[in-house]
Amino acid sequence: MNVETPRLRLRGWLERDRAPFAKLNADPNVMKFLGPALTRAQNDAVIDAQMALMCAGRPAFWAVESVSDNQFMGCIGVKKVNFEAAFTPAYEIGWRLGAEFWGQGYATEGAKAALAHAFETWGMDEIYSFTVLDNVSSQSVMQKIGMTHLPKGAFNHPKLALDDPLSPHVLYRIRREDLL
Ligand SMILES: CC(C)(COP(=O)(O)OP(=O)(O)OC[C@H]1O[C@@H](n2cnc3c(N)ncnc32)[C@H](O)[C@@H]1OP(=O)(O)O)[C@@H](O)C(=O)NCCC(=O)NCCS
């Protein structure tokens, strides 16, 4: 099911999204806090996984396109956390946009709509978000959509080595009653 905001369309993935998403996932600026740039095969596997989740009617990250010109911009969505930590099993909200679209409030606008959809349509009770300690812009989005920082929830990402600079993560949460 698509979700629309004044400027964004959050929709299912199309074959034509593969090339622009690969470009975004190969950009070191975009990947600064996410790890090594993705190969084309890894990029396509991410899209395939989101397509499969959506096909099964399960929460996933939508492709995001501009309402005004249908240009692909990146992804925003809610999906099940795919690792074990103190706060899992849980759902997470996340976002990744091409660098040319940053700083215009797009992530905040799309994430607010994704949250509303998750609470109202999918009936979730609470949603988490997490990011690398230094990823200030992502934490700013979390704050602007009404999420609460959980200082005691800080954790080292279990899929990364402890001495990896990307390992320390902050944790945020929003509950249904915070939004509705
Ligand atoms: C995180 C991301 C999605 C934000 O997208 P965006 O559309 O620029 O987000 P918004 O414009 O809605 O809000 C960004 C906020 O961060 C702020 N910000 C951006 N860079 C910043 C920085 N280096 N230091 C402090 N604040 C910063 C912006 O000023 C804005 O806050 P404001 O509206 O209060 O001014 C985008 O930067 C991105 O795709 N980054 C790469 C992928 C990534 O890291 N994803 C998150 C993984 S957890």
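All ligand and atom numbering here is 1-based and tracks the order in the structure.
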Between the NE2 atom in H157 and the OG atom in S167, the distance rounded to the nearest 0.5 Å is 8.5 Å
Is [X] in polar range of ligand 1, meaning some N or O pair under 3.5 Å apart?
| X | value |
| --- | --- |
| L97 | yes |
| R96 | no |
| G103 | yes |

For ligand 1, which atoms have a heavy atom of [X] less than 4.0 angstrom away?
| X | result |
| --- | --- |
| T131 | 48 (S) |
| Q104 | 11 (O) |
| T108 | 10 (P), 12 (O), 13 (O) |
| F130 | 48 (S) |

Between ligand 1 and E109, can you find any atom pair, the residue atom being a heavy atom, that is separated by under 4.0 Å? no
At the 4.0 Å heavy-atom cut-off, does W95 count as touching ligand 1? yes
Which protein heavy atom lies closest to [atom], and at what distance to 0.1 Å?
| atom | answer |
| --- | --- |
| atom 15 (C) of ligand 1 | S140 OG, 3.2 Å |
| atom 32 (P) of ligand 1 | K144 NZ, 3.3 Å |
| atom 4 (C) of ligand 1 | A107 CB, 3.7 Å |
| atom 20 (N) of ligand 1 | S137 CB, 3.5 Å |
| atom 38 (C) of ligand 1 | W102 NE1, 3.2 Å |

Heavy atoms from other residues, nucleotides or ligands near CZ of R58 exceed 12 (cutoff 6.0 Å): no
Nearest-option assignment for atom 10 (P) of ligand 1, heavy atoms, candidates S129, S138, A99, G105: G105
Does D17 reach the main-chain N or O of L14 with its side chain, forming a donor-acceptor pair under 3.5 Å? yes
